[in-house]
Amino acid sequence: MSAPGGVLVIAQAEGGALSELSREMLALARRLADETGGMVEAVLLGENLGDSAGDLIAFGADRIHIGDGAAYTAYLAEAWMPKLIEVAADAPPAVILIGHDTMGADLAPRLAIRLGTTVATACVEAEFVAGRLHATRSCYGGAARETLSFKTGPCVLTIKSKSQAALDRNNGRKGEIVPLAADAVQTRVRIVERNVSAAAGVRLETAAVVVAGGRGLNGPEGFKVARELADLLGGALGASRVACDLEWCPASIQIGLSGRTVAPELYLALGISGASQHMAGCGGAKTIVAINNDPTAQIFKSSRFGIVGDCQEILPPLIDALRVLRDAKDS
Amino acid sequence: MHIAVCVKQIQDPEMPTALLRVDADTNKMMLTSSVSPVISPFDEQAVEAALRIRDALGEARITVLTLGAEPARQVLKAALSLGADEGVLLSDPAFQDPDSYTTALALSAAIGKLGDVDLVLTGRQAADFDAGVVGCGIAELLDIPAITFARDISVDGGTIRVQRVIENGHEIVEVASPALVTISHEIGAPRKASLRETMRAARKPIAVWSVEDLALEAAQTGALGARRVLEALYIPSRDIECEFQQGASAREMAQNLARRLYQANIL
Ligand SMILES: Cc1cc2nc3c(=O)[nH]c(=O)nc-3n(C[C@H](O)[C@H](O)[C@H](O)COP(=O)(O)OP(=O)(O)OC[C@H]3O[C@@H](n4cnc5c(N)ncnc54)[C@H](O)[C@@H]3O)c2cc1C
């Protein structure tokens with residue numbers, strides 16, 4: 001059972017380790033719990049979770065509810081809900097944090113309604129103002145922001161990836177681990193097949209450099225050049241929705257509001273106009289560099305460096321020049 | 001088969017963001033007359049999904065529902081012109097300024113009133129507030145299963161089969177009707193209204209239902225029943241100064257950029 005006044009994080013593990021977004025949420029949870037005086041608790045369901053419980057404690061949790069078993073191999077809202085309700089309902093926490101990914105966005109509204117409350121999705125910030133939780137999220141395709149408070153409790157928030165900085169791992173932290181029985185649940189929805197491709201190359205979310213292409217790359221050939229540039233910089237390849245819709249690249253690398261969120265050191269936008277819905281997925285990048293043949297393109301308003309030019313003409317000499325500089329630096 | 005599709009009227013989300021203005025007194029986005037209201041794109045794709053199911057089955061009744069004041073009738077007409085059979089407009093002063101919860105409450109009550117719905121479709125999120133709560137909210141309130149982020153949907157007998165988008169791939173799931181499915185953009189472009197359907201649409205019925213028709217209390221709905229308070233709405237500025245690379249040729253500009261990225265310790 002969770003303690004009242006606390007912050008409950010619904011964590012996720014990937015390949016036996018705590019997910020990056022879960023670590024980020026723990027840092028936010030820690031900050032909020034220090035204000036309420038409650039505990040940071042976490043619930044983690046999955047299979048072969050390895051030492052994720054240890055990770056949860058090292059990154060800020062005080063008490064872990066962990067269910068490890070075949071019943072939780074793949075996420076299915078109906079299968080997970082009874083256990084989450086069990087943890088959350090009896091002694092409701094003040095705040096529940098869930099990662100805003102395809103799992104969290106699927107789970108959070110249902111959990112919130114079951115608990116008699118509501119959810120603020122894709123939050124980028126949360127703080128207590130005069131004792132009330134204020135959650136800030138972007139809306140209007142990322143062009144506007146709204147701050148919400150709750151009339152009902154607990155306050156359920158899904159947290160946008162990369163909006164928080166994780167705490168440093170502290171192996172000295174102590175925490176309590178409460179095992180949960182991994183009960184199989186009869187579900188109405190049934191998973192027939194699961195196709196997950198290990199994305200080629202560097203992972204988008206952790207890449208220090210992301211090279212992203214849009215309509216201005218003019219086709220799959222342009223994406224080959226973008227891939228070459230990404231490989232040269234040890235980065236990952238991303239794309240605008242238009243490029244994905246045109247099938248110039250896999251749909252799974254779409255950056256933006258209805259795609260993935262990245263916050264690399266360097267984001268190279270090639271032939272991307274900079275629509276707010278695209279910027280919603282890369283606005284957190286430290287430096288944006290744009291190449292676009294339209295000097296009035298919106299993307300330049302968010303870019304520190306830019307070239308007004310045709311990608312087809314700029315990219316080959318850019319790759320050459322970067323290779324020369326890299327080799328000079330390496331030697 | 002009876003399919004209910006929930007749609008929302010919004011300002012065109014692809015309008016230049018420079019046109020967005022917040023009315024500080026009401027905390028609302030001001031309507032810009034130069035931008036026409038549209039059916040939220042994911043909802044339009046939900047209508048498309050319903051039409052594809054009907055095309056495949058040869059037969060299905062499609063009801064479109066929207067919550068909004070009288071101008072929202074336009075999105076019902078748009079959906080009827082695409083081929084939906086009938087519309088329901090949930091319109092009542094008490095419904096005004098809802099949150100996701102009171103929107104889901106009114107829509108679920110309306111779907112309950114329709115009675116024989118086998119499949120409820122919504123967009124994955126509305127393209128104005130981008131919350132993505134109403135779909136699953138309706139399913140919870142009706143106590144039917146929900147499947148989110150569909151990129152493909154088909155119906156075979158009483159079984160609904162959905163390909164849903166997940167990180168780095170997709171999964172195929174099945175459920176018996178009744179169920180709710182939220183549609184993602186990967187489903188593809190919606191069809192355009194044909195002249196024939198548009199002519200027919202003029203004769204299709206649109207019912208208008210109030211709080212009373214749905215057997216709800218005014219205090220449960222709209223702003224009164226909302227579970228969240230909108231504290232602030234604003235437009236953050238993120239404009240920064242861009243250093244444009246100059247050069248007589250593409251090669252020179254590219255070389256300058258490469259050099260600047262190293263000088264600034266970005267690479
Ligand atoms: C609800 C909703 C959700 C959305 N979600 C997303 C999302 O998650 N991600 C996303 O990316 N978009 C999303 N969009 C779409 C978004 O609004 C834009 O339409 C999209 O980002 C534009 O992609 P683009 O920049 O590749 O294409 P365009 O807007 O067509 O821009 C192409 C750019 O390339 C430039 N160009 C053309 N040729 C060249 C050349 N040879 N060399 C250099 N530059 C060239 C042009 O000047 C232009 O600026 C969403 C839209 C809506 C309504």
Side-chain angles (χ1 to χ4, degrees), chain A residues 78 101-102 105-106 109-110 113-114 117-122 134 139-141 143-152 188-197 199 233 241 251-252 257-258 265-266 275-276 283 287 289 300-309 313-314 317-318 321-322 325, chain B residues 13-14 17 20 22 29 99-101 127-133 136-137 140-141 145-149 165-176 184-186 226-236 238-240 242-245 250-251 253-255 257-260 262 266-267:
Chain A
E78 285 182 278
D101 49 23
T102 55
D106 181 84
R110 311 175 198 226
I113 302 269
R114 290 266 176 112
T117 181
T118 191
V119 54
T121 54
H134 281 204
C139 52
Y140 283 85
R145 285 197 171 178
E146 61 172 352
T147 300
L148 305 174
S149 66
F150 290 73
K151 291 200 242 172
T152 48
R188 297 171 291 188
V189 176
R190 195 171 65 85
I191 300 177
V192 180
E193 201 181 303
R194 203 159 222 267
N195 298 297
V196 183
S197 63
L233 300 176
R241 176 154 132 199
S252 59
L257 178 68
S258 44
E265 293 292 314
L266 172 61
S276 59
T287 302
V289 174
F300 289 126
K301 297 220 157 73
S302 314
S303 302
R304 189 161 151 217
F305 299 102
I307 291 182
V308 177
E313 291 170 17
I314 303 287
L318 181 63
L322 288 170
L325 288 169
Chain B
E14 305 215 34
T17 52
L20 287 175
V22 176
M29 204 57 86
D99 69 348
S100 301
Y101 167 71
D128 52 359
F129 279 94
D130 302 320
V133 178
C136 284
E140 279 302 318
L141 294 168
I147 299 170
T148 53
F149 305 124
V165 179
I166 53 176
E167 264 80 28
N168 285 324
H170 71 273
E171 60 188 12
I172 299 174
V173 298
E174 282 184 354
V175 70
S184 192
H185 53 90
E186 290 89 349
R227 290 178 170 177
R228 64 99 184 95
V229 179
L230 178 60
E231 301 281 351
L233 180 67
Y234 58 98
I235 297 169
R238 57 153 183 261
D239 290 7
I240 58 170
C242 182
E243 180 189 307
F244 286 101
Q245 304 305 304
R251 175 163 296 276
M253 286 193 276
Q255 284 169 342
L257 176 62
R259 202 172 315 119
R260 288 294 289 135
Y262 274 88
I266 292 164
L267 288 176

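The model shown is predicted, which means the values in this text are computed figures rather than measured ones. Numbers restart at 1 for each chain; the letters A, B, ... are given by sequence-line order, proteins then strands. As a basis for the values below, the full set of heavy atoms in this structure was taken, side chains included, without hydrogen atoms, waters or symmetry mates.
- The shortest distance between side-chain heavy atoms of A:Leu322 and B:Tyr262 falls below 4.5 Å.
- Between the B:Glu167 side chain and the A:Thr102 main chain, a donor and an acceptor come within less than 3.5 Å of each other.
- Both the backbone and the side chain of B:Ile240 come within contact range of chain A, judged by heavy atoms closer than 4.5 Å.
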inquiry  = Under the criterion side chain to side chain donor-acceptor pair (under 3.5 Å), I'd like the reasoning laid out for A:Asp106 against B:Thr148: C-alpha separation, chi angles, the key distance, then a yes or no.
reply    = CA-CA 6 Å; A:Asp106 181 84; B:Thr148 53; 2.4 Å; yes
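- Here A:Glu146 contributes atom CD and B:Leu230 contributes atom CG; the two are 5.5 Å apart, rounded to the nearest 0.5 Å.
- Heavy-atom pairs under 4.5 Å with chain B peak, among A:Ala144, A:Ala321, A:Ser149, A:Ala275, at A:Ser149.
- Interatomic distance, A:Tyr140 OH to B:Leu20 CG, rounded to the nearest 0.5 Å: 7.5 Å.
- Within the 4.5 angstrom heavy-atom criterion, atoms from both the backbone and the side chain of B:His170 approach chain A.
- Counting heavy-atom pairs closer than 4.5 Å to chain B, the top-ranked of the candidates A:Ala143, A:Ser258, A:Pro109, A:Ala251 is A:Ser258.
- B:Leu141 is listed as a side-chain neighbour of A:Ile113, based on a closest heavy-atom distance under 4.5 Å.
- Only the side chain of A:Thr287 comes within contact range of chain B, with heavy atoms under 4.5 Å apart.
- Put simply, the side chain of B:Phe244 does not reach to within 4.5 Å of the side chain of A:Ile307, judged on heavy atoms.
- Put simply, the side chain of B:Glu171 does not reach to within 4.5 Å of the side chain of A:Glu193, judged on heavy atoms.
- Per-residue heavy-atom pair counts under 4.5 Å with chain B were compared for A:Ser302, A:Gly309, A:Ser276, and the maximum is reached by A:Ser302.
- Contact count against chain A (heavy-atom pairs under 4.5 Å) is highest for B:Arg260 among B:Arg260, B:Gln255, B:Glu186.
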inquiry  = If you apply the rule side-chain contact (heavy atoms from CB on, under 4.5 Å), what do you find for A:Phe305 with B:Gln245, and how did you get there?
reply    = CA-CA 7 Å; A:Phe305 299 102; B:Gln245 304 305 304; 3.6 Å; yes
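- Options A:His134, A:Arg241, A:Glu78, A:Glu313 differ in how many heavy-atom pairs under 4.5 Å they form with chain B, and the most are formed by A:Arg241.
- For the atom pair A:Cys139 SG and B:Leu233 CG, the distance stands at 5.5 Å (nearest 0.5 Å).
- Taking chain B as the reference chain and counting heavy-atom pairs below 4.5 Å, the highest number among A:Ser303, A:Ala120, A:Gly141 is found for A:Ser303.
- Using a 4.5 Å cut-off between heavy atoms, B:Phe129 contacts chain A through both its backbone and its side chain.
- Highest contact tally toward chain A, considering only B:Glu14, B:Met253, B:Arg259, is held by B:Met253 [criterion: heavy-atom pairs under 4.5 Å].
- Ranked by heavy-atom pairs under 4.5 Å with chain A, the list B:Cys136, B:Gly132, B:Pro145 is led by B:Pro145.
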task = I would like to know whether A:Ile191 and B:Ile172 meet side-chain contact (heavy atoms from CB on, under 4.5 Å); could you show each step before the answer?
result = CA-CA 6 Å; A:Ile191 300 177; B:Ile172 299 174; over 6 Å; no
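- Considering only heavy atoms from C-beta on, A:Leu325 stays 4.5 Å or farther from B:Leu267 through its side chain.
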request  = Evaluate side-chain contact (heavy atoms from CB on, under 4.5 Å) for B:Ser100 paired with A:Val119, printing each intermediate quantity in order.
outcome  = CA-CA 9 Å; B:Ser100 301; A:Val119 54; over 6 Å; no
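- With chain A as partner, the option from B:Ala176, B:Ala146, B:Ala127, B:Gly169 having the largest number of non-hydrogen pairs under 4.5 angstrom is B:Ala146.
- Inter-residue side-chain proximity for A:Lys151 and B:Val229 is flagged as met; some heavy-atom pair is nearer than 4.5 Å.
- The contact between B:Ile266 and chain A is made entirely by side chain atoms (from C-beta outward), counting heavy-atom distances below 4.5 Å.
- Ion pairing between A:Arg304 and B:Glu243 fails under the 4.0 Å rule for side-chain N and carboxylate O.
- Top candidate by heavy-atom pairs under 4.5 Å with chain A, chosen from B:Ser184, B:Ala232, B:Ala250, is B:Ala232.
- Counting heavy atoms from C-beta on, the side chains of A:Thr147 and B:Tyr234 come closer than 4.5 Å.
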request  = For the pair A:Val192 and B:Val173, evaluate side-chain contact (heavy atoms from CB on, under 4.5 Å) and give the outcome as yes or no after the intermediate values.
outcome  = CA-CA 5 Å; A:Val192 180; B:Val173 298; 5.8 Å; no
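- Using a 4.0 Å cut-off between charged nitrogen and carboxylate oxygen, A:Arg110 and B:Glu140 do not count as a salt-bridge pair.
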